[in-house]
S.K.: 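One structure, pasted below without further comment.
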Amino acid sequence: VWIFGYGSLVWRPGFEFTSRKVGFIRGYSRRFWQGDTFHRGSEKTPGRVVTLLEDCGACTWGVAYEVRGEQIAASLEYLNMREAVLGGYDTKLVKFHPQEKDAEEPILALVYIATPQNPSYLGPASEEDIAAQIIVSSGCAGHNIEYLLRLADFMRYFCPQAEDKHLFSIEEALISILPCLYYTEESLEEP
């Protein structure tokens with residue numbers, strides 16, 4: 001079984017696997033439209049994590065993990081809790097295209113997608129609003145800023161040829177806000 005990850009799974013799968021491949025799936029765009037009140041946020045300040053939006057001309061880069069034998073049941077049980085129960089994601093089968101030049105045919109892979117029907121779905125917002133929400137959110141897995149920056153780093157280092165304007169626009173918005181927060185905190189301190 002192959003499992004495709006396009007968010008935190010690219011750097012923190014959390015399950016044993018036999019092999020991994022960087023590559024992409026077609027027909028979807030990655031969007032920070034899913035709320036997270038456990039891993040990267042709380043009930044009071046939900047974080048923003050990614051989901052996939054059907055988009056026939058787009059492709060989303062990530063990592064596919066191959067799980068075999070006893071790894072299958074353990075990984076699916078873990079991911080069901082992490083993605084479906086705690087995250088509100090549904091599963092789908094997609095065609096994964098490995099990055100390797102000599103790659104064979106596309107591989108069928110399982111992917112977790114949050115739909116607008118789940119209670120944690122936040123939907124679209126401006127890059128600035130998403131960045132502002134990410135800045136103030138933190139959960140059991142860490143700060144929401146870490147999630148955004150690690151995903152941007154993954155894309156930069158493993159998929160330099162790929163474009164993800166949504167992701168990098170949010171990263172730019174976050175970076176432009178952070179110095180203001182730092183300056184404001186410094187200016188409030190007494191000499």
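Positions are given from 1, in the same order as the sequence printed here. What you are looking at is a predicted structure, and each value in this text was computed from that prediction instead of being measured.
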S.K.: With side chains defined as the heavy atoms from C-beta onward, is the minimum distance between L52 and Y6 less than 4.5 Å?
M.R.: yes

S.K.: Do V1 and L93 share a hydrophobic cluster (ILVMFWY, side-chain heavy atoms under 4.5 Å, transitive)?
M.R.: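 No: no chain of side-chain contacts under 4.5 Å links V1 to L93.
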
S.K.: Donor-acceptor check, side chain of Q99 to backbone of F158, threshold 3.5 angstrom: yes or no?
M.R.: yes

S.K.: Between Q71 and T18, do the side chains contain a donor N or O and an acceptor N or O under 3.5 Å apart?
M.R.: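 Side-chain D/A pair, T18 to Q71: present.
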
S.K.: Tell me whether L148 shares a hydrophobic cluster with F168, the cluster being built from Ile, Leu, Val, Met, Phe, Trp, Tyr side chains joined at under 4.5 Å.
M.R.: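 Yes, one cluster joins them.
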
S.K.: Please give me the minimum heavy-atom distance between S75 and I3, naming the atom from each residue.
M.R.: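 Heavy-atom minimum between the residues: OG-CD1, 3.9 Å.
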
S.K.: Walk me through it: do N80 and V85 pass the test side-chain contact (heavy atoms from CB on, under 4.5 Å)?
M.R.: CA-CA 6 Å; N80 182 57; V85 175; 4.1 Å; yes

S.K.: How far apart are the closest heavy atoms of W33 and A125, and which atoms are they?
M.R.: NE1-N, 4.3 Å

S.K.: If you measure from NZ on K165 to CD1 on I170, what distance do you get to the nearest 0.5 Å?
M.R.: 14.5 Å

S.K.: Tell me the closest heavy-atom pair linking A114 and Y121, and the distance in Å.
M.R.: O-CE1, 3.9 Å

S.K.: Measure from the side-chain N and O atoms of H39 to the backbone N and O of C140, and report whether any donor-acceptor pair falls under 3.5 Å.
M.R.: no

S.K.: Flag the pair V63 / F4 as yes when at least one side-chain heavy-atom distance between them is below 4.5 Å, and no otherwise.
M.R.: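 Of all side-chain heavy-atom pairs linking F4 with V63, none is under 4.5 Å.
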
S.K.: Hey, what do you get for CG (D129) to CZ (R48), rounding to the nearest 0.5 Å?
M.R.: 8.0 Å

S.K.: Check whether H97 reaches the backbone of I107 with its side chain - one donor and one acceptor, N or O, closer than 3.5 Å.
M.R.: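 The answer is no, because no donor-acceptor pair under 3.5 Å joins these two groups.
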
S.K.: What about F32 and L9, same hydrophobic cluster or not, with Ile/Leu/Val/Met/Phe/Trp/Tyr joined at side-chain heavy-atom distances under 4.5 Å?
M.R.: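 Yes.
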
S.K.: Among Y157, F154, Y147, which residue satisfies the ring pair (Phe, Tyr, Trp, His ring centres under 6.0 Å) criterion with W11?
M.R.: Y147

S.K.: Could you check whether any side-chain N or O of Y112 sits under 3.5 Å from a backbone N or O of K92, counting only pairs where one atom can act as donor and the other as acceptor?
M.R.: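 Not at all, since once roles are kept as given, no pair shorter than 3.5 Å links the two residues.
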
S.K.: Roughly how far, to the nearest 0.5 Å, is the CD1 atom of I130 from the CD1 atom of I135?
M.R.: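 The CD1 atom of I135 sits 12.5 Å away from the CD1 atom of I130.
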
S.K.: Please find out if less than 6.0 Å separates the ring center of Y65 from that of F17.
M.R.: yes

S.K.: Will you find, in the side chains of T60 and R31, an N or O donor that is under 3.5 Å from an N or O acceptor?
M.R.: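 On atom types as modelled, these side chains do not qualify, holding no pair under 3.5 Å.
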
S.K.: In Å and rounded to the nearest 0.5 Å, what is the CD to CG distance from E146 to D153?
M.R.: 10.5 Å

S.K.: Within the side chain of N144, is there an N or O that forms a donor-acceptor pair under 3.5 Å with the backbone of Q133?
M.R.: no

S.K.: Looking at R20 and E66, is any side-chain nitrogen of the basic one under 4.0 Å from a carboxylate oxygen of the acidic one?
M.R.: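 Looking at E66 and R20, the cut-off is not met.
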
S.K.: Ignoring hydrogens, what is the shortest heavy-atom contact between R40 and S137? Give both atom names and the distance.
M.R.: O-CB, 3.5 Å

S.K.: What's the verdict on side-chain hydrogen bond (donor to acceptor under 3.5 Å, both in side chains) for R82 and S8, showing C-alpha distance, side-chain angles and the deciding distance?
M.R.: CA-CA 11 Å; R82 175 176 165 175; S8 60; 2.8 Å; yes

S.K.: I'd like to check S42 versus T37 (side-chain heavy atoms, cut-off strictly below 4.5 Å). Are they in contact?
M.R.: no

S.K.: Using 0.5 Å steps for rounding, measure from the CD1 atom of I134 to the CD atom of E171.
M.R.: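 These two atoms lie 10.5 Å from each other.
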
S.K.: Kindly work out whether a path of hydrophobic side-chain contacts (I/L/V/M/F/W/Y, heavy atoms less than 4.5 Å apart) joins Y78 to L110.
M.R.: yes

S.K.: Do the side chains of V111 and T91 get nearer than 4.5 Å, heavy atoms only?
M.R.: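 Contact flag for T91/V111 side chains = no.
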
S.K.: Within this structure, what is the CG-OG1 distance for the pair L53 and T115, rounded to the nearest 0.5 Å?
M.R.: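 Separation between the atoms: 11.5 Å.
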
S.K.: Verify the distance criterion only: is there a donor paired with an acceptor across the side chains of Q34 and N118 at less than 3.5 Å?
M.R.: yes

S.K.: F15 vs L76, test: side-chain contact (heavy atoms from CB on, under 4.5 Å). Steps then yes/no.
M.R.: CA-CA 9 Å; F15 56 87; L76 294 179; over 6 Å; no

S.K.: So does W61 get a backbone contact from the side chain of R30, meaning a donor-acceptor N/O pair under 3.5 Å?
M.R.: yes

S.K.: Closest heavy-atom contact between K95 and I25?
M.R.: O-CG2, 3.5 Å

S.K.: Would you mind reporting whether E127 and H166 have side-chain heavy atoms less than 4.5 Å apart?
M.R.: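 Yes, side chains in contact.
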
S.K.: For the residue pair V49 and Y89, what are the closest heavy atoms and their distance?
M.R.: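 Of all heavy-atom pairs spanning V49 and Y89, the closest is CG2-OH, 3.5 Å.
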
S.K.: In terms of hydrophobic clustering (I, L, V, M, F, W, Y; side-chain heavy atoms under 4.5 Å; direct or indirect links), are V50 and V22 co-clustered?
M.R.: yes

S.K.: Does atom CZ of R156 have more than 12 heavy-atom neighbours from other groups under 6.0 Å away?
M.R.: yes

